[in-house]
Amino acid sequence: QVHLVASGGGSVQAGGSLRLSCVASESTHRLYSAGWFRQTPGKEREGVAHIASGGALTYYDESVKGRFTISQDGAKNTVFLQLNSLKPEDTAMYYCAAGLPEFESGNYCYVSFPHEYNYWGQGTQVTVSS
């Protein structure tokens with residue numbers, strides 16, 4: 001059982017930045033892909049950014065492309081999400097996850113589906129004010 005702990009959320013003004021971290025209880029970066037999702041009350045959880053096992057491939061939702069960057073540090077069992085140029089619509093609870101979605105260059109149909117991920121962190125709140 002892999003345990004994930006997310007942190008780094010907070011309250012910022014529009015245009016600001018945050019860096020989220022997700023620490024795994026064991027080394028997962030070579031076996032599992034990782035993803036960051038977000039959810040607001042009354043809405044479904046949506047995929048934001050994803051990184052394939054080994055880190056060679058990444059995938060971003062169009063709404064965050066060019067502003068968010070996902071990365072990993074295998075030595076620290078940690079996946080990061082750098083959030084820049086934040087907008088009020090980025091306000092949400094952010095969750096990290098690890099799993100085995102089909103993830104290959106040119107085929108990203110499944111990487112943003114929450115049900116493709118087996119392990120989830122507890123969530124960290126990001127609030128962006130205008």
(request) Verify, without hydrogens or angle tests, whether Thr78 (side chain) and Lys76 (backbone) share a donor-acceptor contact under 3.5 angstrom. (result) yes

(message) Would you say Tyr60 ends up clustered with Val126 if hydrophobic residues are merged whenever their side chains have heavy atoms under 4.5 Å apart, either directly or through other cluster members?
(response) yes

(request) Would you check if there is a donor-acceptor pair between the side chains of Glu102 and Asn107 at a distance under 3.5 Å? (result) yes

Enumerate, atom names and distances included, each donor-acceptor pair closer than 3.5 Å involving a side-chain atom of residues 5-13, sequence neighbours excluded.
none

(message) Using side-chain heavy atoms (C-beta onward) and a distance below 4.5 Å, is Val23 in contact with Leu4?
(response) no

(request) Check the angle between the aromatic planes of Phe103 and Tyr108 and answer parallel, tilted or perpendicular using the 30° and 60° thresholds. (result) perpendicular

(request) Would you confirm whether the ring centroid of Trp36 sits within less than 6.0 angstrom of the ring centroid of Phe68? (result) no

(message) How long is the straight-line distance from OG1 of Thr124 back to CE of Met93, given to the nearest 0.5 Å?
(response) 7.5 Å

(message) Count I, L, V, M, F, W, Y as connected when their side-chain heavy atoms are under 4.5 Å apart, and connections chain through other members. Are Leu57 and Val111 then in the same cluster?
(response) yes

(request) Any chance you could lay out the side-chain contact (heavy atoms from CB on, under 4.5 Å) test for Ile70 and Tyr59, step after step, and finish with the verdict? (result) CA-CA 9 Å; Ile70 189 170; Tyr59 177 77; over 6 Å; no

(request) Validate the cation-pi geometry between Arg38 and Tyr95: distance from NZ or CZ to the six-membered ring centre under 6.0 Å, angle to the ring axis within 45°. (result) no

(request) Check His50 against Gly35 and note the closest heavy-atom contact, atom names and distance. (result) ND1-CA, 3.6 Å

(request) Measure from the side-chain N and O atoms of Ser33 to the backbone N and O of Pro101, and report whether any donor-acceptor pair falls under 3.5 Å. (result) no

(message) To the closest 0.5 Å, what do you measure between NE2 (His115) and CZ (Arg45)?
(response) 13.5 Å

(message) Test your reading of the model: is there a side-chain donor-acceptor pair from His3 to the backbone of Ser25, 3.5 Å cut-off?
(response) no

(message) Side chains of Ser17 and Asn84 only: does a donor on one sit below 3.5 Å from an acceptor on the other?
(response) yes

(message) To the nearest 0.5 Å, what is the distance between CD on Glu89 and OG1 on Thr40?
(response) 11.5 Å

(message) Using 30° and 60° as the class boundaries, would you call the ring planes of Tyr110 and Phe113 parallel, tilted or perpendicular?
(response) perpendicular

(request) Any chance you could measure Ser112, atom OG, to Phe37, atom CZ, to the nearest 0.5 Å? (result) 7.0 Å

(message) Would a single hydrophobic cluster contain both Val64 and Leu86, if residues Ile, Leu, Val, Met, Phe, Trp and Tyr are joined by side-chain heavy-atom contacts under 4.5 Å?
(response) yes

(request) With rounding to the nearest 0.5 Å, note down the distance linking CG in Asp90 to OG in Ser63. (result) 7.0 Å

(message) Quick check: is Leu83 connected to Val79 through a chain of hydrophobic side chains (ILVMFWY, heavy atoms under 4.5 Å apart)?
(response) yes

(request) Decide if atom CD of Glu26 counts as having more than 12 heavy atoms of other residues, nucleotides or ligands within a radius under 6.0 Å. (result) yes

(message) Is any side-chain heavy atom of Asp73 closer than 4.5 Å to one of Phe80?
(response) yes

(request) Taking the side chain as every heavy atom from C-beta outward, state whether Lys87 and Arg67 have any pair of such atoms under 4.5 Å apart. (result) yes

(message) Let me check something: do Tyr32 and Trp120 share a hydrophobic cluster, defined by ILVMFWY side-chain heavy atoms less than 4.5 Å apart, either directly or through other members?
(response) no

(message) I want to check something: taking the side chain as every heavy atom from C-beta on, are Thr69 and Leu81 in contact at a cut-off of under 4.5 Å?
(response) no

(request) Measure from the side-chain N and O atoms of Ser85 to the backbone N and O of Gly15, and report whether any donor-acceptor pair falls under 3.5 Å. (result) no

